[in-house]
Amino acid sequence: MISAPQRRLDKSNAQFQRAVKRLPLGVASTFRYWGDERTIYAHHGKGGRTWDIDGNSYVDYRLGYGPAILGYADERVDAAARRGMEVGGVFALSTERELIVAERVAKMVPAAELVRFSNSGTEAVMAALRLARAYTGRESYLLVEGGYHGLFDAAMWMANMDEWDAKSNRDPEVVPYGKGIPETVKHLAHLVPMNDMQRLEDTFRRHGETMAAMLIEPIQGNCCAISASRDYVQLARQLCDQYGVLLIIDEVKTGFRVGKGGIQGILGVRPDITTFAKAVANGYPISLVAGREDVMRSFRYGGASHGGTYTAHSVSLAAAEECLRILDETPALETLAGYGERLKAGVSQILSARGITHSFSGHPSMFGLFFAEAPPDNYRAWKTSDYTFYDRMAYYLHDLGIIVEPDSREPWFMCEAHGLDDSCLTDTLKAVEAAVELTLRDQTEGRLDAAE
Ligand SMILES: Cc1ncc(COP(=O)(O)O)c(C=O)c1O
């Protein structure tokens, strides 16, 4: 008889009780709140692992939602960041290292002809959309259902899957991500389901002349790593050209992760603008807006405004220089993708041995796990798949020392350090086996939907 794992979170729970008096939900980002008695406070991270303040250690597949591409506290990048500290921070002036980093980015991603820096993914996408509007003189834009582009009003419109009836012929309602987003901007956002070529063509036919941009994540990093087909992205490119719309590929998660040249390199499509963030500097805050020279030159006096006090901070810039050098010149990306392949194979073996139907989406460096014959190819299909098994398994994995996102919409992220430490794989597979057994037991007892 398998027993539920015991994990002590006494210190985290006590910290929560103190923190919630001063910090909303006791955390600094709403998504870090996992319940009054399951919110974890991190003590430190090293390589592919995180330790909480109770001393529990976890193999970490969230990696801060992707940034720690090499692993936490990477000595090479941290040493570079310390050198960056000696430069002095920010000056309201430029530094020579900006060009060094921009040259590296342009070498790795041919469509990144010119580069601007920002601090977060949100800031980069916000700047990219403004740039597209400035260049085209148009205001509306196209989003893909299930995509996520950050916490600014224009990006915060989504298909309401909670209320959507999959059997009806109607599209899901477009709703804001929460309160505080003005309804008056809603009419500027058009949404289409991923991989539906007919809908894409129809939408361009109806709105193409007034759209500034189509914004797409070809691997949806916040929606099960649902992936655009090569044909879909190529059709998007073709329609953008036909209607004078700029194609923005949001590579905040895929950039410098799925390959040196990003997902655009794999799909063989050249966007007009690309946004990068997470893997640029192994977790130091920096992001990039990069693209076609004539478009990027709209960043000028009298054109699209862009800047910011902390832009191109000397610490982040030095970290970016070193992180991108490692990703470009060493086999780090092969190491972490190889680890992802081995992890998928191990998980598959555990599930197949128990006759559990499953599939994977995305790329070995960031993949989604599904309990269905094939992964969904758009957000509507995710709604109709059964994710209760995943949710319960993830719950047990936390107790067993593996951090994955509790929500099945967030993929598992690999880092180089996972691939360099064999114990990460053995510890993970041992925990997955136990979590699957516990979940099967709950399923047999009809307790899969019940909250613990
Ligand atoms: C594809 C994509 N774009 C933009 C963002 C926003 O980035 P940030 O959280 O750094 O503001 C995210 C964050 O997860 C993302 O995944």
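Counting starts at 1 for both ligands and their atoms, following the listed order. Position 1 is the first residue of the sequence; numbering continues from there.
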Does ligand 1 have an atom that lies less than 4.0 angstrom from a heavy atom of Tyr65?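 Checking ligand 1 against Tyr65, which is what was asked, there is no heavy-atom contact under 4.0 Å.
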
Less than 4.0 Å is my threshold; does some heavy atom of Glu251 fall inside it relative to ligand 1?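 So Glu251 does not count as touching ligand 1.
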
Which of the numbered atoms in ligand 1 are below 4.0 angstrom from a heavy atom of [X]?
X      : result
Gly121 : 6 (C), 7 (O), 8 (P), 10 (O), 11 (O)
Glu217 : 1 (C)
Thr122 : 6 (C), 7 (O), 8 (P), 11 (O)
Lys253 : 14 (O), 16 (O)

Are any of the side-chain heavy atoms of Leu70 and Leu327 separated by less than 4.5 Å?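 Touching, per the 4.5 Å side-chain cut-off.
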
So do the side chains of Ile69 and Leu333 get within less than 4.5 Å of each other, counting heavy atoms only?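 Sidechains of Leu333 and Ile69: in contact.
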
Protein heavy atom at shortest distance from [atom]:
atom                    : value
atom 13 (C) of ligand 1 : Lys278 NZ, 3.2 Å
atom 15 (C) of ligand 1 : Val252 CG1, 3.6 Å
atom 2 (C) of ligand 1  : Tyr148 O, 3.2 Å
atom 4 (C) of ligand 1  : His149 C, 3.4 Å
atom 16 (O) of ligand 1 : Asn222 ND2, 3.0 Å
atom 3 (N) of ligand 1  : Asp250 OD2, 2.7 Å

What residue among Lys253, Arg409, His149 forms side-chain hydrogen bond (donor to acceptor under 3.5 Å, both in side chains) with Asn222?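 So the option named by the test is Lys253.
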
Would one find an N or O of Glu123, backbone or side chain, under 3.5 Å from an N or O of ligand 1?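 For ligand 1, there is no N or O atom that lies under 3.5 Å from one belonging to Glu123.
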
For ligand 1 and Val125, I'd like to know whether there is a polar contact (N/O to N/O, distance under 3.5 Å).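 Checking ligand 1 against Val125, no N or O pair falls under 3.5 Å apart.
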
Evaluate whether atom [atom1] of [X] has more than 12 neighbouring non-hydrogen atoms of other residues, nucleotides or ligands under 6.0 angstrom away.
X      : atom1 : answer
Arg206 : CZ    : no
His207 : NE2   : yes
Glu96  : CD    : no

How about Tyr72 and Asp60: does a side-chain donor come under 3.5 Å of a side-chain acceptor?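 Yes, Asp60 and Tyr72 have a side-chain donor paired with an acceptor closer than 3.5 Å.
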
Using the side chain to side chain contact (heavy atoms under 4.5 Å, CB included) rule, pick out the option among Val289, Leu215, Val295 that qualifies with Ile248.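 One option only clears the test, and that one is Leu215.
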
Under the 3.5 angstrom rule, does the side chain of Thr50 hit a backbone N or O of Tyr58 as a donor-acceptor pair?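 Here the side-chain-to-backbone pair does not exist.
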
